[in-house]
Each structure stands twice: as C-alpha cells, then as structure tokens.
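Sequence positions, counted from 1, serve as the residue numbers for this chain. Atom set for the values below is all heavy atoms of this structure, side chains included, hydrogens, waters and symmetry mates excluded. Atoms within a ligand are numbered from 1 in the order they appear, just like the ligands themselves.
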Amino acid sequence: MSEWSSTEYAAERDHTDALREFRDEFHLPVDADGQPVVYFAGHSLGLQPKSTAGLIQEELDDWSRRGVLGHESARRPWVRYHEELTAYAAELVGAEPHEVVNMNSLTVNLHLMMVSFYRPTAERHRILIERGAFPSDRYAVESQIRFHGFDPADALIELAPRAGEDLLRPQDIEAAIDRASHSLALVLLPGVQYLTGQVFDLGAIAPSAHRAGALVGFDLAHAIGNLELSLHASGADFAVWCAYKYLNAGPGALAGAFVHERHADSFDLPRFAGWWGHDKATRFLMGPEFRPIPGAEGWQLSNPPILAAAPLLASLEIFHRARIPRLRAKSLELTGYLARLVEARLGPRVRIVTPLEAPARGSQLSLRIADGAAIGRRVFQDLQSAGAICDWREPDLIRVAPAPLYNNYTEVLRFVDLLHRAVTQGAVRS
Ligand SMILES: Cc1ncc(COP(=O)(O)O)c(C=O)c1O
C-alpha cells in the first residue's frame with residue numbers, strides 16, 4: 001500500500017471501494033470551464049441522480065396520456081404513489097412502515113407534529129431545544145408556544161455548550177432534561193447538529209425525556225441518509241426530516257415524518273386534519289366525519305405532489321441498493337481520511353470543530369480557520385474559486401461533507417490540497 005497521503009493511495013482506495021459504481025449514477029457538477037468540481041456540499045443540497053429525470057418524465061407522460069385516469073391507471077398509480085416511498089424511507093430511518101410518511105416539507109411537518117405532541121398545561125408547558133437550533137425550528141417552536149398562550153421567555157429552554165466549548169456534552173443534555181422535568185412538555189433536538197456536525201444520541205435522549213414526563217421529537221435533516229438510524233428502537237415520539245440534503249431528492253424536495261407506533265391509534269390526539277389522512281377505504285365516500293388512517297399516514301393533509309415524489313423515489317431506490325450500513329461504513333472512512341489529512345497537513349491552523357470519534361460524527365466536518373473569521377471567509381472564497389464546493393456558516397465555520405454515494409478519496413485529497421493552498425497563500429498575503 002502506498003503512503004497514506006499520496007495520490008496513489010487515494011486511487012487505490014477508490015479502486016477497491018465496493019460502492020464506487022454509485023458515483024456514476026449521479027450528475028457531477030462542473031465549473032465554468034467544464035472541469036469537474038469537488039462537490040462536498042451534500043449536507044446542504046445533494047446531487048441529482050441520473051434516474052431522476054426518467055421517473056419525472058414517466059409521470060409527465062402518464063399525465064399527458066391518461067389525464068385524471070392516471071390516479072388509478074398510471075404505471076405507478078398516483079393514488080398510491082407515496083406508498084412506494086414508505087418502505088424505503090422506513091428502512092432508512094429504522095422504523096416500521098406504518099410509522100413513516102413522506103409529505104410536505106420539514107417545517108410544515110414539525111408544526112403538524114407539535115400540534116399533536118406539544119400539549120402544554122399550566123404546569124408542564126416548556127420545550128427544550130438547543131441554543132444553536134436551526135432557525136426554522138426555533139421559529140416554529142416559539143410560534144407554537146405563543147399559539148398556546150405561553151411566553152417563550154419562560155417556556156423555551158435553550159441548551160448551550162459550556163463556555164468556551166462548541167459541542168454539547170451528553171451529560172449536560174441529560175442534566176438539563178432532569179432539571180426541567182417538573183415543567184417539561186417536549187424535547188426537540190437534532191440527529192446531527194447542522195453547524196458543528198455533532199451527532200446526538202437519540203437512543204439516550206428519548207428515554208431521558210420520557211423519564212422526565214416529556215415527549216420527544218427529533219429533527220433529522222442532517223441525519224437521514226447520513227447515519228444508521230433506529231428511530232423505532234429509540235422510542236422517539238416523532239421525527240421530521242427533509243430530503244434535499246444527503247437524500248439527493250432535489251431543492252425543496254418532499255419531506256418526511258415519523259410517528260412512533262404507540263401513537264398509531266391515538267385518534268383522540270389533537271391534530272390538523274385533511275382528506276389524505278382519512279381512512280383509505282372510505283375516503284372517496286366524501287363523508288363529513290374525519291376518520292384518521294392508523295399510523296403516520298393519518299397526519300397527511302393533501303394528495304401528494306407526484307412530480308415531487310418522483311425524485312424522492314429515484315433517491316430512495318438508490319439508498320435501498322447501496323444500503324445505509326455500507327454507506328455509513330464508507331462515510332466513516334472517507335470523512336476520517338479527510339480529518340486525518342487536515343490534521344496532518346494543516347495542524348493548528350485549521351481546527352476541526354466536529355467531534356472525531358466515529359459515533360459522534362457523520363459525513364460533515366466543520367472547520368474553523370485559526371487566523372480568524374475574516375481569513376476564514378477568504379479561505380472559503382478561495383476554495384469556491386478553485387472548484388471546491390462547500391459552504392460558509394456565520395460566524396466562522398466552513399462546512400465540508402464528502403458523501404459516500406458519489407464522493408471519493410481522490411477528491412478528499414484534492415480538497416485538502418486546495419485548502420492547504422488557500423490557508424498558506426493567505427499567510428503569504430497577510
Ligand atoms: C436542521 C434543519 N432544520 C430545518 C430546516 C428547514 O427545512 P425546510 O425549509 O425544508 O422546512 C433545515 C434546512 O436546511 C435544516 O437544516
């Protein structure tokens with residue numbers, strides 16, 4: 001085997017990668033000169049599978065040929081189309097099919113879930129989130145608190161890392177839940193923190209929330225398609241996710257939700273209803289009384305957008321073939337290789353904020369340039385100009401995620417070369 005930081009080594013790893021053929025199933029972006037870029041932004045918007053266009057075209061064709069009859073007689077009848085997605089999505093999140101539904105977008109689903117699972121009382125009305133929560137989650141939570149007549153200044157508990165630290169310590173999460181237990185209604189945390197890339201232990205958080213007498217939901221935007229998840233076993237009450245990041249289902253893709261089977265028949269839960277959540281056997285009798293479908297499908301509102309469901313089907317079918325345990329194993333290796341190279345070549349000048357132990361990280365590394373945010377921003381811009389696509393998050397983080405479905409070791413090596421150049425040229429210039 002060649003020296004681990006050499007191009008020969010990276011090429012050998014690519015050659016022996018059991019998942020290498022999946023790369024050919026994606027459109028790989030190029031720069032203005034037609035040269036391939038290093039695309040490490042799958043944590044933000046995943047790449048387009050080549051199968052996507054064909055699946056959308058199939059529906060356009062069936063719509064043009066069959067019109068309304070396509071609901072029953074399209075090659076994939078539209079009335080049942082979303083059910084084709086369910087088993088794949090359930091496999092990916094570690095749930096039973098009746099616990100999963102693909103619908104709406106993430107924030108919409110979060111609201112629908114909170115309508116049912118945030119039921120505050122005078123004594124128990126608080127929601128625990130993290131201070132670094134994605135803004136949409138915070139807005140949704142605050143608006144739900146206000147909707148119920150409470151004040152976020154009192155009802156919102158924000159969990160922050162200790163002073164001088166970037167990451168939340170698991171024991172601090174546990175302690176915060178314990179401390180609030182008399183007044184806690186809901187715990188809402190991410191599967192992977194979007195800024196730092198830190199993985200949260202769902203299987204530990206859910207039972208502690210329950211012990212405290214609260215319900216618990218997870219935002220899996222950065223976890224689905226990235227980690228091996230066991231949502232059912234975690235005991236979470238609900239979870240929501242989007243499908244445009246690691247799932248590669250396209251900008252604004254159809255999202256998903258999980259409702260634990262213990263709530264499948266809880267028809268007395270408050271919920272916002274729509275006809276697509278109504279019992280399938282009697283839906284078209286168009287009766288006035290709403291009878292929810294047992295399980296997650298009972299939270300559906302509208303008939304699903306088929307042209308948006310097709311890219312999700314394309315994506316989930318690829319994950320089904322690639323298998324998430326194999327993807328996770330490659331991801332740990334590939335991102336581990338990135339971390340090793342950054343540490344060896346850029347040592348103290350670039351700090352990896354993401355925890356490096358395997359269970360505590362996914363594909364993403366969040367990098368902080370030691371010379372400060374202004375230099376960090378310039379390094380990020382140099383990377384973009386040199387054809388390395390990642391992203392910048394205020395105040396000072398460069399987020400980088402090699403995706404195991406379509407990225408490889410040679411790209412990791414090239415990325416670190418470009419990063420090295422950007423950082424050291426900065427030293428010469430400044
Ligand atoms: C962690 C997290 N939560 C929520 C959202 C909001 O998603 P949407 O716009 O699909 O509702 C995002 C979007 O990137 C996200 O990263």
> Would you call R368 and D166 a salt bridge, using N to O less than 4.0 angstrom?
Replying inline: yes
>> What protein heavy atom lies closest to atom 7 (O) of ligand 1? Include the residue and the distance to one decimal.
In response: Y244 OH, 3.0 Å
> Is the distance between the ring centroids of H263 and F238 under 6.0 Å?
Replying inline: no
> With a cut-off of 4.0 Å, which atoms of ligand 1 are near a heavy atom of D219?
Replying inline: 1 (C), 2 (C), 3 (N), 4 (C)
>> Please confirm whether the ring centroid of F258 lies under 6.0 Å from the ring centroid of W299.
In response: no
> What's the shortest distance from atom 11 (O) of ligand 1 to any protein heavy atom, and which residue and atom give it?
Replying inline: T107 OG1, 2.5 Å
> Would R378 and D382 pass as an ion pair if we require N to O under 4.0 Å?
Replying inline: yes
>> Using a 4.0 Å cutoff against the non-hydrogen atoms of D137, which atoms of ligand 1 qualify?
In response: 3 (N), 4 (C)
> Atoms of ligand 1 less than 4.0 Å from H222 heavy atoms?
Replying inline: 1 (C), 16 (O)
> Which atoms of ligand 1 are found less than 4.0 Å from any heavy atom of K245?
Replying inline: 13 (C), 14 (O), 16 (O)
> Does the pair E91/R323 count as a salt bridge with the N-to-O cut at 4.0 Å?
Replying inline: yes
